[in-house]
Amino acid sequence: MSDRIILKGLSMRIKDHFKDKYSLTVDPVIQKGTIEGVEFYTSLPLQLSRELKRSPLEIAKELEAIEAEGIICLEAVKPGFLNITLSENVYLQHFNDFSSICRSKNGKKVNIEFISANPTGPLNVVSGRAAAFGRALSYLFEYAGWEVTKEYYINDAGNQINIFTNSIYKAYLEKFEKQTVSFEENEYNNAYVRELAEHFSKEIRSASDPKTFLKDAAIGHTVALNKKILERIDLSFDVWFSESSLYENAQLSDRVLSTLKKKSLSYEKDGALFIKNTALGDSQDWVLKKSNGEYTYLFGDIMYHINKFERGFDKAINIWGPDHHGGVRRLQLALTAFDIPEDFLEIIILQQVNLIKDGEKLVMSKRSGNYIQLNDIVDSVGADAAKYFFLSKGANQHVDFSLDRFEKEGEKSPVFYVQYMFARINSILEKAGRPDKDGISKVLDAEKKLLYSIFLFENAMKEALLKREPAMVITYLNALATEFHRFYHESKIIGSDEEAEYLKFVSALGTMVKDILNMIGFNAPEKM
RNA sequence: GCGCCCAUAGCUCAGCUGGAUAGAGCAACGGACUUCUAAUCCGUAGGUCGCAGGUUCGAAUCCUGCUGGGCGUACCA
């Protein structure tokens, strides 16, 4: 039975009903209501009507007699829905137990790798999207009981890094040795490279081998810088994994090569070594070792994921940009050669962020320095608004990003709408005093809709996890805040006949809201 | 050529194992602060869900084709 079923008890009874009466096995789906006044419903009668050769409404009527714990009313309505109303006590109980619900560990470990941008400059706005997404996804897994390792793969091996260090050296020669240099098209000619040249000018001058020195120094510097930038949005990785460390001992690479050879899954052609992915179901074979002796990125990736697998994770999730989607199947299939199950590695493609300036699409490029830094957007609207912006868009959504517009909209970011809920609660409690004990003993009319919204929280989290869409939680939060602000407006708490009862409700709600906000990665300011 | 993603209100987006009247925010217009924070609330206006077929009792949602946009298809990373 799936996690998505909201009301398990009732769902079992419905199942039994069809089993007993029609010898039919069904999997009832109970959904949250979509129209006013309907808490939950199932459309099962409509779906079964043809098979049972009975009118859907009749089938629904039969179900009305079912009794299940916490269900106060089942009502068949045309054309054949069964509407479900829960007893207030269910909501009350759930509300009072909220803090203790669903925090138990499931004993499974997941590795979530994201951003993993080349250490050739400060993180940009695209990485900001990945950061917000990966972070939120981590929370969703943690909420469901997984032990999560957040990991950043540092691409510190390969040709890009050589080009990068070479560029810094050129910038150094230009500024400090007054040499005339020209940058190739594939080289980095930007402010950051010049900054590094200046920062390390002394060491470069005295180094016996400046480029080797720069390789370590520049990467170290950039990684440290990016860690700091990520701290600004409250993101810290558990593991920073160095690509070059994979090459430091030959054991793993030898094992990869010999395994492939043993299984006849590699061959040499034109001086290069290929992995025979076609034999694994791929449309073509790929180079692992180039004819000049260098390994390809794919080779490192294979080693890296064998390493992940052997670190004992039950699942590995990579969040990649759309320009790498062609590599998904390639890597997953290659890993099957090492007896890693195909579903071990899951790759989520987070769609692109286009940079728009003056209505025109700009090509973002680290080499030219033509890009917007994550730092800039945090400066302009703050960490919470920035995170909220990215999280409110589905993973598949192509995002156009214009800094002007972002700043303008950031001032009235919807994140404040959600945070304001907490600030208002706090304000009430400060004025009226905090109750000794949270938790409610009865349900007041004005509270009903809010209790219902809170009841749906776990479902929203589970759905979001299942679909790998943190955006669904943002949608939920918005709905919750709407419900709260309406409640706040309609019910004057201080001075009302039910003040004591209201305060206990609001106080507990405040704890919940803070919990939820923090869990998804936002601050809960007491004052705004 | 083949493969992946996208197209919903003027704008940014929700709408999720097919369901009841397609929803928010921003922008526009009209109301609500002697009150627990108006960063709020209430109301008005705004839609052939890209187009055309199909499946179904029922399609924004699933299938096929088409149009338009983005990306991939490396001995780049």
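Every chain is numbered from 1, with letters handed out A, B, ... down the list of sequences.
A donor-acceptor contact under 3.5 angstrom links the side-chain atoms of A:His324 to the base of B:A77. If you check distances only, the side chain of A:Ser291 does reach the base of B:C75 with a donor-acceptor pair under 3.5 Å. The base of B:A77 lies outside donor-acceptor range of the side chain of A:Asn186, with no N or O pair under 3.5 Å.
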Audit row: A:Tyr153, A:Tyr304, ring pair (Phe, Tyr, Trp, His ring centres under 6.0 Å) steps and yes/no: CA-CA 9 Å; A:Tyr153 186 49; A:Tyr304 180 35; 3.9 Å; yes
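For the pair A:Leu82 and A:Val399, nearest-nucleotide mapping onto RNA chain B gives the more 5' position to A:Val399.
To the nearest angstrom, P of B:U17 lies 8 Å from CE of A:Met472. Taking atom CG of A:Asn478 as the reference point, atom C1' of B:C41 lies 15 Å away to the nearest angstrom. A:Leu44 has its CG atom 13 Å from the P atom of B:G18, to the nearest Å. Taking atom CG of A:Asn354 as the reference point, atom P of B:C5 lies 17 Å away to the nearest angstrom. Rounded to whole Å, atom C1' of B:G3 lies 16 Å from atom CG of A:Asn277. Rounded to an integer number of Å, the gap from A:Glu51 CD to B:U56 C1' is 15 Å. Here the C1' atom of nucleotide B:C16 and the CG atom of A:Leu456 are 15 Å apart, to the nearest Å.
B:U61 and B:G31: their C1' atoms are spaced 38 Å apart (whole Å). Distance noted for atom C1' between B:C49 and B:C33: 40 Å (whole Å). As rounded to the nearest Å, B:A60 and B:G23 have P atoms that lie 13 Å from one another.
Side-chain atoms of A:His325 lie closest to B:C71 of the nucleotides B:C71, B:C36, B:C26. Side chain of A:Gln397, nearest nucleotide from B:A27, B:A20, B:C6: B:C6.
Taking side-chain N and O atoms only, A:Lys393 has no distance below 4.0 Å to OP1 or OP2 of B:G15.
No contact: A:Arg329 has no heavy atom under 4.0 Å from any strand. At the heavy-atom level, A:Asp323 lies under 4.0 Å from the strands shown only through sugar-phosphate atoms.
At least one cation-pi condition fails for A:Lys32 and A:Phe40: the charged atom is not both under 6.0 angstrom from the six-membered ring centre and inside a 45 degree cone around its axis. Cation-pi contact between A:Arg424 and A:Tyr488: present, with separation from the ring centre below 6.0 Å and deviation from the ring axis of at most 45°.
For B:A20, the base is stacked against the aromatic ring of A:Phe81, per a cut-off of 5.5 Å between centres and 30° between planes. A distance cut-off of 5.5 Å between ring centres, combined with a plane angle under 30°, leaves A:His485 outside any stacking arrangement with the base of B:A39.
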